[in-house]
Number of protein chains: 4
Amino acid sequence: MKAALVQAYGSPIAFAEVPEPTIASPSDVIVRIAGAGVCRTDVHILDGALDAAFHPTLPYIPGHENAGYVHEVGSAVTHLQPGDPVIVHPAITCGVCDACRAGNDMHCPTWRFPGVDGNGGYAQFMKTSARSLVKLADGTDPTLLAPYSDAGLTAMHAVKRLVPYLHPGTTVVVIGSGGVGHIAVPLLKILTSARVVVLVPDDDRRAFINRFGPPDAVYLTGDDGGLRAVLDDTGGGAHVVLDLVGEGRVPADGMRMLRKGGVYAIVGYGGSVTIEHLDMINRELTILGNQIGSYTDLVELMELDRQGLLTIESTSFPMEAANDVLHDLAAGKVFGRAVLVP
Amino acid sequence: MKAALVQAYGSPIAFAEVPEPTIASPSDVIVRIAGAGVCRTDVHILDGALDAAFHPTLPYIPGHENAGYVHEVGSAVTHLQPGDPVIVHPAITCGVCDACRAGNDMHCPTWRFPGVDGNGGYAQFMKTSARSLVKLADGTDPTLLAPYSDAGLTAMHAVKRLVPYLHPGTTVVVIGSGGVGHIAVPLLKILTSARVVVLVPDDDRRAFINRFGPPDAVYLTGDDGGLRAVLDDTGGGAHVVLDLVGEGRVPADGMRMLRKGGVYAIVGYGGSVTIEHLDMINRELTILGNQIGSYTDLVELMELDRQGLLTIESTSFPMEAANDVLHDLAAGKVFGRAVLVP
Amino acid sequence: MKAALVQAYGSPIAFAEVPEPTIASPSDVIVRIAGAGVCRTDVHILDGALDAAFHPTLPYIPGHENAGYVHEVGSAVTHLQPGDPVIVHPAITCGVCDACRAGNDMHCPTWRFPGVDGNGGYAQFMKTSARSLVKLADGTDPTLLAPYSDAGLTAMHAVKRLVPYLHPGTTVVVIGSGGVGHIAVPLLKILTSARVVVLVPDDDRRAFINRFGPPDAVYLTGDDGGLRAVLDDTGGGAHVVLDLVGEGRVPADGMRMLRKGGVYAIVGYGGSVTIEHLDMINRELTILGNQIGSYTDLVELMELDRQGLLTIESTSFPMEAANDVLHDLAAGKVFGRAVLVP
Amino acid sequence: MKAALVQAYGSPIAFAEVPEPTIASPSDVIVRIAGAGVCRTDVHILDGALDAAFHPTLPYIPGHENAGYVHEVGSAVTHLQPGDPVIVHPAITCGVCDACRAGNDMHCPTWRFPGVDGNGGYAQFMKTSARSLVKLADGTDPTLLAPYSDAGLTAMHAVKRLVPYLHPGTTVVVIGSGGVGHIAVPLLKILTSARVVVLVPDDDRRAFINRFGPPDAVYLTGDDGGLRAVLDDTGGGAHVVLDLVGEGRVPADGMRMLRKGGVYAIVGYGGSVTIEHLDMINRELTILGNQIGSYTDLVELMELDRQGLLTIESTSFPMEAANDVLHDLAAGKVFGRAVLVP
């Protein structure tokens, strides 16, 4: 089959003909890929930044944001049939550990991450496990839905954890308006009654993000990262900051935007922030790290999409355009999410 | 009346005869102090470390951990009578803001902090508000209970917030075994089913803390801050670290002790820690700042004491010994809590 | 002042000139009534049905759903000024009991209920307590907002308690489409992501309720109380039934509409239902009684109104029309809520 | 193999030699039974009372409370080895429905109930699914632990759901002191800080239940079902009533024992109660049905046992004594739980 490959860190994606994956265990499933989303994590992967955490063996097939059709199932799989349209949860989990049994899939100690620690979806077929597949309604074309499986799922998980903090009269500030942001903003409107304020770098991003949700207010980050705009808008600070950027000055700025009792939710990564214990106590702050999301989170997200409550901005490209797309993504020129079609 | 005074930062406590406080507003209450606990915060105050945050006008009477008897009440106070034994919640709150109305007293935007931002309890009498007083059972001697009002209340609040994370099979590591710690450890045993592991600097502290709860295991911090002991004990990391120290290497060590999904709860302060966003996401960590506790927290704490479920280690000293006590406290020579009696 | 009076059970409202209420305690407030909502509870009161529970001394002034302007404040009240537009929480609470201190106002053991156990708002002025007043934005005309204080508050409280059960993909059935229902339906849409299905007795009610929210589906109750429509719509039962009627066959029908794990939330009253323990266990059902709502619930409700997220259907009538309005209400001819203007 | 059989409703257990169960699907597991607990549900089964709900095909092997050793595993089972000591969760669940994926096993729409709707554990071997097995520590003798799998699990599940209501100062009344009760009482002491009051029919039961936990107070039910004792003890009503009886006058008495805001938790079944909506609202009561418990509940329960925090009162009998044991159980002569050994 056709596949895109990470050949060496620092080098572009290569393309090659490779063997199709095959069923090895009774719960394996082969998915025929309809679309594979391109994520900033792919840029980090090509830079080698995730090697220490996930150490895949090169060359391998990236792509952790996948949707398609069931192609073949292992002998223990009875609830999925070839031809079923599916979206692929990014983790392969064991199903029997305490975390899996509690529905807390991402905490499975032996989870695997196709596309990051082994072969993923930038190919015609990929192998995953029956536990990782969410069946879509008959007749659904999964191609452009692929980004829900990671960008959308991450937004869903982070937003659901914020619901208890976002009662009427509160304000959540979203920093970031890309692939995750354009799903997080409408989710905040659907799942909470908070005012949603978004910080963007420029007017193009403002125009883009105003099409989703829409937010109650959008401010430019400007010189101070948007701090003054948030303090003015909220009369003293946001109840929640959802940081989809997580690098540069954003983490420190985000923390400063909070009022007493505020919550700083981390989704974006790459950077860091130093927290002062006296400040953590005096403002009684909470910091939440978020890692992708559970299978249940993905089921609920796809249900909201099915009901027409969400819109995803996906643009499809032939798989061969992977390097161009990654280049544009790194340059901040992708609005919404790009999807590769093998 | 007799009072102890913060005369100047860097100088010891002074003693003087000062006018008694008087009722000014209908909800004021004058408390005759039976005992006033001595807290590490008092050491910080004398160093001037809290001036920037609370800017009291010097000279003033410190002491924010108070218990005694109702002496006189304002015209609007009908549920308290002179002679009632009471413990004094450390905050004076407005009662009408959204935070106060939700029972979230510490988030009152106009709260005052007697003993820290104005006159407190190192004196024969102090003025507070009716909202700040928890009535004790008739006949209770409040003297040695004073440390519950701050050390105990802080422990109660922090532990209650950890209950949802501490199901059977989990382990909480408590770093610190002083005034707060000797109440936090039994509270963790009473309110949760977690294993409780305490890290202590030496065998004297080990012997001391083993009298309260008792903990399931106590380890010496040693060269690595106790990291190896915790990882070995827990098979890969604690579910929760409750940091009662909050300075030096403890915050960074504490964060390292957590397993995936772990919670780092901050009570001690003075230090800081740098968090890496990639780590916060990959381990999906939570960080909770804790500021003292609510009135309801104090009511529940005193109920546990009334039922005989808690023991407080308080030693009384004449108020005139304040400087000696503060000296011993700074030197780590106070086990449990010292209480000044005016 | 002009007032409407419950003179005797079974007799209509009487009108009389009575003395104005006066400040007696430091926290009293006199409110000049702008509007007083008419509630089905007023019909029950005139029938004598609430005498056993609340035993007011006749004659007295009914009206427990009030809004107006601060007219005079007691000496301890500093956060309200004469002229402030306010909505009146229906309970007068002590502010010092454990329930009040936890923000759980309706559980104050000494709460009073003006308009039900003593003089209320069918008059030019009424006396309440400072704790019962929610200040509205300057310039707000409170007249037509009065029904938020009871019909709206009850809806808000009941809906907020249902949020944890109503994740994406769930369905809530609302039985009732009157004063409470036309606020509950939009609140369910704002605060949850559930599908909202409403059961109505006729097409007029259908047309009415479709103006609020709107619901995702509206069915006629018909012969079977709407049971078949709900089972068909939900493929096996609703996740939540919110019963705003609470009498006749509705409670039993409502319980039958639930799927396994379902929640039956009670707001309407007058009737009863027999629960079989084997069924409660096999379907693992939950039943929630709801009593009005807390002060915080009212603050949050008014915030949603201020943001323009809610619409209330209030029609004003001169106070002298009270008997006609009550007659129409009992006959099911009032859509939304009627408000008396003194 | 040797097995006990339900041959006909109204007739005693029969004994026969039957074929051993065999692996049919890749996730099947054959368990060699070490012990099978005898439950009041078995009495109901022999009476035919559960036929309508579960319609097993007679004759079949009862026994839904099982522990033993893994004997043989299907091809997809890799985390269990022959010889592993295990306790058997009473439900066989699909693992792929939304409920299973959320860790909410008992709500699996296709769950099966070996021993109730098909062959169970009153035999030398039984077939279940890999998902239903909790592995015990190496070297554990599972025989006398069998009752944890149903009596204990039901107690654990019901108690865990009560934790949010049982803060310091609250009182929970347990009605019932048999197989479930003697595990529920210590669980309430371990998992909450509530006072635990137990109602018993006689002094023998009092002496028995005082060995577990122990409770803070035990009262005889006497003429009024224990109502006066509870009202006196609690000064106006319990915060929670946990009804392990669920028939006769107990449900109505239990509801009457609650204070405002109280919770009535149902475990025992057979009876019913009529609830008045006005009362449900005025006292703002909650009613919780409880159905057995989740896999995670069982894991946590066995962890508490492993830590030595629980004691189970199990007495073993040869399987052939089944009819005698059932007779004694129906007559209220079994204290703790009887376990059949095949």
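Just so it is clear: chains get the letters A, B, ... in the order the sequence lines come, proteins before strands, and each one is counted from 1.
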key: Within-4.5 Å side-chain heavy-atom neighbours: B:Pro90 and B:Leu153   = yes

inquiry  = Check this for me: does any side-chain nitrogen of one of A:Asp98 and A:Arg101 sit under 4.0 Å from a carboxylate oxygen of the other?
reply    = no

inquiry  = Need one label for A:Val263: side chain, backbone, both or neither, based on atoms under 4.5 Å from any heavy atom in chain B.
reply    = neither

query = Can A:His277 and B:Glu247 be counted as having a side-chain donor-acceptor contact under 3.5 angstrom?
reply = no

query = Relative to chain A, which of B:Arg283, B:Met280, B:His107 shows the most heavy atom pairs under 4.5 Å?
reply = B:His107

Neighbour count above 12 (heavy atom, 6.0 Å) for A:Arg161 CZ = yes

ask   = Counting distance only, does the side-chain N/O of A:Thr286 pair as donor-acceptor with the main-chain N or O of B:Leu288 below 3.5 Å?
value = no

note = One option among B:Gly270, B:Pro251, B:Ala49 has the most heavy-atom pairs under 4.5 Å with chain A, and it is B:Pro251

task = Select one option (side chain, backbone, both, neither) describing which atoms of B:Ala53 are under 4.5 Å from chain A's heavy atoms.
result = side chain

query = So what's closer than 4.5 Å to chain B heavy atoms on A:His157: side chain, backbone, both or neither?
reply = side chain

query = Can you say whether A:Phe54 sits under 4.5 Å from chain B via the side chain, the backbone, both, or neither, judging by heavy atoms?
reply = side chain

message = Tell me if the aromatic rings of A:Tyr165 and A:His239 count as close, with their centers under 6.0 Å from one another.
response = no

inquiry  = Looking at chain A, which one of B:Thr274, B:Leu50, B:Asp243, B:Ile287 has the largest number of heavy-atom pairs inside 4.5 Å, strictly under?
reply    = B:Ile287

query = Given the options A:Leu278, A:Asn104, A:Asn290, A:Leu285, which has more heavy-atom pairs under 4.5 Å with chain B than any of the others?
reply = A:Asn290

